[in-house]
Amino acid sequence: GHLSAFPAVEYVVRTIAQTAVDNETYFGDLDAVVGDGDFGYSMARGFEIVLADWDAIDRTDVGTFLKKVALTITGRIGGTSGPIWGTAFIRAGVAAGDRTAVTADDAVAMLRAAIEGIKTRGQSDVGDKTLLDALIPAVDRLEAELAAGAGGQAALEAAATTARERAEATRELIAKRGRAAYTGERSIGTLDAGAVAVAVMAERVAGGWAD
Amino acid sequence: GHLSAFPAVEYVVRTIAQTAVDNETYFGDLDAVVGDGDFGYSMARGFEIVLADWDAIDRTDVGTFLKKVALTITGRIGGTSGPIWGTAFIRAGVAAGDRTAVTADDAVAMLRAAIEGIKTRGQSDVGDKTLLDALIPAVDRLEAELAAGAGGQAALEAAATTARERAEATRELIAKRGRAAYTGERSIGTLDAGAVAVAVMAERVAGGWAD
Amino acid sequence: MKKLINSPDSVIADALRGMAAAHPSLAVDLENRVISRASGATQGKVGLVSGGGSGHEPLHGGYVGYGMLDAAAPGEVYTSPVPDQILAATRAADSGSGVLHIVKNYTGDVLNFRMAAELAEDEDVRVVSVVTNDDAAVEDSTYTAGRRGVGGTVFVEKIAGAAAEEGADLDAVARIATHVNEVTRSFAIALHAGTVPAAGKPGFELAETEVELGVGIHGEPGRERGAMAPVHDLVGYALDVIHADRPVAGDVLVMLNGQGASPLIELYGAFAEAVAWIEGHGARVARSLVGNYITSLDQQGFSISVLSLDDELVRLWDAPVETPALRWGR
Amino acid sequence: MKKLINSPDSVIADALRGMAAAHPSLAVDLENRVISRASGATQGKVGLVSGGGSGHEPLHGGYVGYGMLDAAAPGEVYTSPVPDQILAATRAADSGSGVLHIVKNYTGDVLNFRMAAELAEDEDVRVVSVVTNDDAAVEDSTYTAGRRGVGGTVFVEKIAGAAAEEGADLDAVARIATHVNEVTRSFAIALHAGTVPAAGKPGFELAETEVELGVGIHGEPGRERGAMAPVHDLVGYALDVIHADRPVAGDVLVMLNGQGASPLIELYGAFAEAVAWIEGHGARVARSLVGNYITSLDQQGFSISVLSLDDELVRLWDAPVETPALRWGR
Ligand SMILES: Nc1ncnc2c1ncn2[C@@H]1O[C@H](COP(=O)(O)OP(=O)(O)O)[C@@H](O)[C@H]1O
Ligand SMILES: Nc1ncnc2c1ncn2[C@@H]1O[C@H](COP(=O)(O)OP(=O)(O)O)[C@@H](O)[C@H]1O
Ligand SMILES: [Mg+2]
Ligand SMILES: [Mg+2]
Ligand SMILES: [Mg+2]
Ligand SMILES: [Mg+2]
């Protein structure tokens, strides 16, 4: 093992990676309904390398750490998810810069940067039936709870609840981006795989968090 | 309709043809077990033309009639059955020659000629798990019953019973000829499609016969 | 699901080893997963690169060779390749005259190819991308992900490849590729879904009485489920959709393509119906392909692609080609 | 069962119309069901005729053309053609130099070709027949129907076709055809049976855990049922049987053939295993074919054919060929 340089950041990244690996079949099945079924496989193959290389990832600072993770992802995950998740990690890393510790405000700013990156890369926004439909409201909620004085654990729990609600609510949306979009109206009634993944990740991050 | 020139011969041929058409699926399924499943289709497609052309078949004499039927069969039925059944009809026709009526003795001689034709054409004999395993014992029995003074109906019933028994008994044989032969020992336990067809035809000929 | 594989994880690597052994005309980089011409990039010629998810064989690796692609980047099954891999293919294809990226319109393909193009430009390789989107099954609107790139991609690779081989420059090759895409429409119908090895079960379930109309090449659902019908009617449905979108007229190039598990005897029967429909509408099938050219693993069904020919397109179509999957004239 | 057909009775007729429309190089006689070269019989050249049941496409019609067959007679699905039809094909192939009949060893094929040969001889066309029987799955004994003719038939058609094109006379062409058959062994394994249209259900049932070892090209059962296994093991089993029957040594030509519904990506993976096995046994894959060359409708599985090469066989294999399904060198 290594000495944890920035335990909170490492915990979040590791939890995301572990969630992707643990849910390969579930995420794949969700994508198979109106997509092509590779989301689970792609995420698991990419993030399992992050876990395998875990100790060796450069921890000079948070920015470097996240950018290295991003490179692993884009170099290994094909399809839409590689560029989307890779961009998210890159942008979060750029926002973190040479910090070696991250405050609650920093965390929100990094998540906002990640969201902007995804929007630009995917030409997508809330309502298009993508992971943004869970991620954006969850980050909004996180920021609001923190601003209202909630502790980290409480704020994360609230954000995870929102992520889950909004992931469920993607059932009502018509997919406008990604492979599911080709099915038009037929995408109504189905969950977006990426949004569900965000919800599960948020729940696991909140569940294991200790203030 | 036409005026029947040699009603007994016509009756037998017509019954054979009708049996082939009526049992397309059954005969095909039997052939599918260790053969390739086309026996029913081939027989039905060939003999349905015999029936369709029925009134127009040249009835100058029995020999001509049977040879015309034979030509229809070889010209239409592919696979093993075309040459085998075609040869049988040709040889029976040659044996009948310019007769315009057929005695019981003639009938046995014609059947014997058909059997010899099949043996030569197929390089096969009793015990190879082919239609000969039903046909030869049935004709033996027919001849014996007639020699013992039985009437046509009784002799035919007896022959049909033998054909059925021997067709059932093909289960015990290893196929040595035809496509089933490639499976060797695995053909044990299965019925030979051609032998069953002979039994069903014999039963239908006997069943509708009136002395 | 039974498949001729060692494990779902080894499918691409195993297939690449097989391609390498089967085709001395190809150089197969097993490490980077790039298939290129064994002869290397042709000096003075524009390079052509395509790629995308695997499972569509012979697309794209089978079209690497004289008169078509210079390099291909096969991703995981139904998953676009990653930028590094596309960059490696781009390098293999470049002789200094620039490289055309032929990209099927899927978000993942577009994003990864775009990132690769940026990396290539950083290395001073000029890249122009043409995105194919010939699937008449999907509505084209700026509010959606647009149309999918399907069978027309084969036409683009062949015809742009011939133009490049003749010495056309990058802009001219891109122009002809864009034109080919614009004058082509495709439509696919599936009878039975293919199975992604990692998923282990068919991508969708169809009853004995159902077909998927307008299915995508990754088993994406189409516009609707329809009733199983004689091939005459299925082909007629597909051509009606194509015709409504872009009239089938004049001389056309037709590809009657199998999705992977429909036997050739059926594809010929379907092609006969297509020819009858087209001639019945006063057009003429001047050139054709019948067979498995852009597949969806072991999916049962067909697709039809129709391209409006002109003299130049006929000439480029007829030009010599020497690839594992398409070969004539040499 | 869902198939791209109009009705089980129209399958062959529809496919022949499709072939006629797809391949201007072929003359398709829809009435007699004969596929021959549009250019007619080549003066002074021995004619090559083959045929057999349909459902094995591209065999045999797809091999009509320069360097291979002159004419083919397709029967009903899995049912040999009738003598009149084979006679018509023989006439179409004859230019006065005699005709070689290439017959796969099945009773029906042998009988119908023999009758056709007799009819042709009556018309003063000299016919020599070569019966292929390369299936190592079947015991060869004079007490049985002997071995089945399978994949090696493609090699015979290609190599004898090249010899005929070079001007060899009938006896010489027959000799090389016989030689090719003798030095070739094949073995097939099915994962899922094909469905004859008229039957409407698969020819046999296999559990998810089973494969049919040594299956025939008409779905005839093989030597035994085996357990489903990684492709490495399946290919190893097939090559072990072939090797035990006729050692795999020296330079070999290998065909890794698909049975119709196994996708190309799997066939390439299987071929990689075959190459590894063969090289592991000290032999060398000098030439190869990977794809669907002799199929069994929509059956899933593969067959391997191995031919021992010598310089003459390499030369004839490499000679130009221009048919719908095999083409190189022109
Ligand atoms: N343009 C986009 N912007 C943001 N997210 C997207 C976009 N397109 C798809 N996604 C997300 O990616 C998920 C699918 O990922 P993946 O299966 O890797 O894509 P694909 O197979 O379509 O290339 C979707 O569920 C959705 O959440
Ligand atoms: N050599 C032979 N001699 C006589 N009868 C034969 C011979 N081979 C096969 N048969 C008969 O033909 C039947 C199969 O006929 P068919 O399905 O037309 O043959 P295939 O499909 O093998 O060409 C068998 O059940 C058997 O009774
Ligand atoms: Mg996906
Ligand atoms: Mg049969
Ligand atoms: Mg994908
Ligand atoms: Mg047969």
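Note on naming: letters A, B, ... go to the chains in the order of the sequence lines (proteins, then strands), and numbering restarts at 1 for each one.
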Structural part of C/Met228 lying under 4.5 Å from a heavy atom of chain D:
side chain
Is there a side-chain contact between D/Ile5 and C/Pro230 in this structure, where contact means two heavy atoms from C-beta onward sitting under 4.5 Å apart?
no
So for D/Leu267, is it side chain, backbone, both, or neither that comes closer than 4.5 Å to the heavy atoms of chain C?
side chain
Least distance between heavy atoms, D/Gly18 atom then C/Ala272 atom
N-CB, 3.5 Å
Per-residue contact mode, D/Pro24 against chain C (heavy atom under 4.5 angstrom)
neither
With chain D as the partner, which of C/His56, C/Glu273, C/Gln300, C/Glu322 has the greatest number of non-hydrogen pairs under 4.5 Å?
C/Glu273
Applying a strict 4.5 Å limit to non-hydrogen atoms, the region of D/Ile189 in contact with chain C is neither
Under 3.5 Å, is there a donor-acceptor pair between the side chain of C/Glu266 and the main chain of D/Leu4?
yes
Are the side chain of C/Asp298 and the backbone of D/Ala261 linked by a donor-acceptor contact shorter than 3.5 Å?
no
Between D/Lys2 and C/Ala207 (side chain of the first, backbone of the second, donor and acceptor by atom type, cut-off under 3.5 Å), is there such a pair?
yes
Which region of C/Val290, side chain (C-beta onward) or backbone (N, CA, C, O), has a non-hydrogen atom less than 4.5 Å from a non-hydrogen atom of chain D, or is it both or neither?
side chain
Of the listed D/Ala21, D/Ser288, D/Gly260, the one with the largest count of heavy-atom pairs under 4.5 Å with chain C is D/Ala21
In terms of heavy-atom proximity below 4.5 Å to chain C, should D/Val275 be classed as side chain, backbone, both, or neither?
side chain
Can you tell me which portion of D/Leu234 sits under 4.5 Å from chain C's heavy atoms? Options are side chain, backbone, both or neither.
side chain
If you tally heavy-atom pairs under 4.5 Å between each of C/Lys3, C/His232, C/Gln299, C/Gln259 and chain D, the highest tally belongs to C/Lys3
Can you say whether C/Arg330 sits under 4.5 Å from chain D via the side chain, the backbone, both, or neither, judging by heavy atoms?
backbone
Can you check whether D/Met1's main-chain N or O pairs, donor with acceptor, with C/Glu208's side chain at less than 3.5 Å?
yes
Could you give the distance from CD1 (D/Ile265) to CD (C/Glu57), rounded to the nearest 0.5 Å?
4.0 Å
Tell me if the aromatic rings of C/His23 and D/Tyr268 count as close, with their centers under 6.0 Å from one another.
yes
Under 4.5 Å heavy-atom distance to chain D, tell me which part of C/Pro320 shows up: side chain, backbone, both or neither.
neither
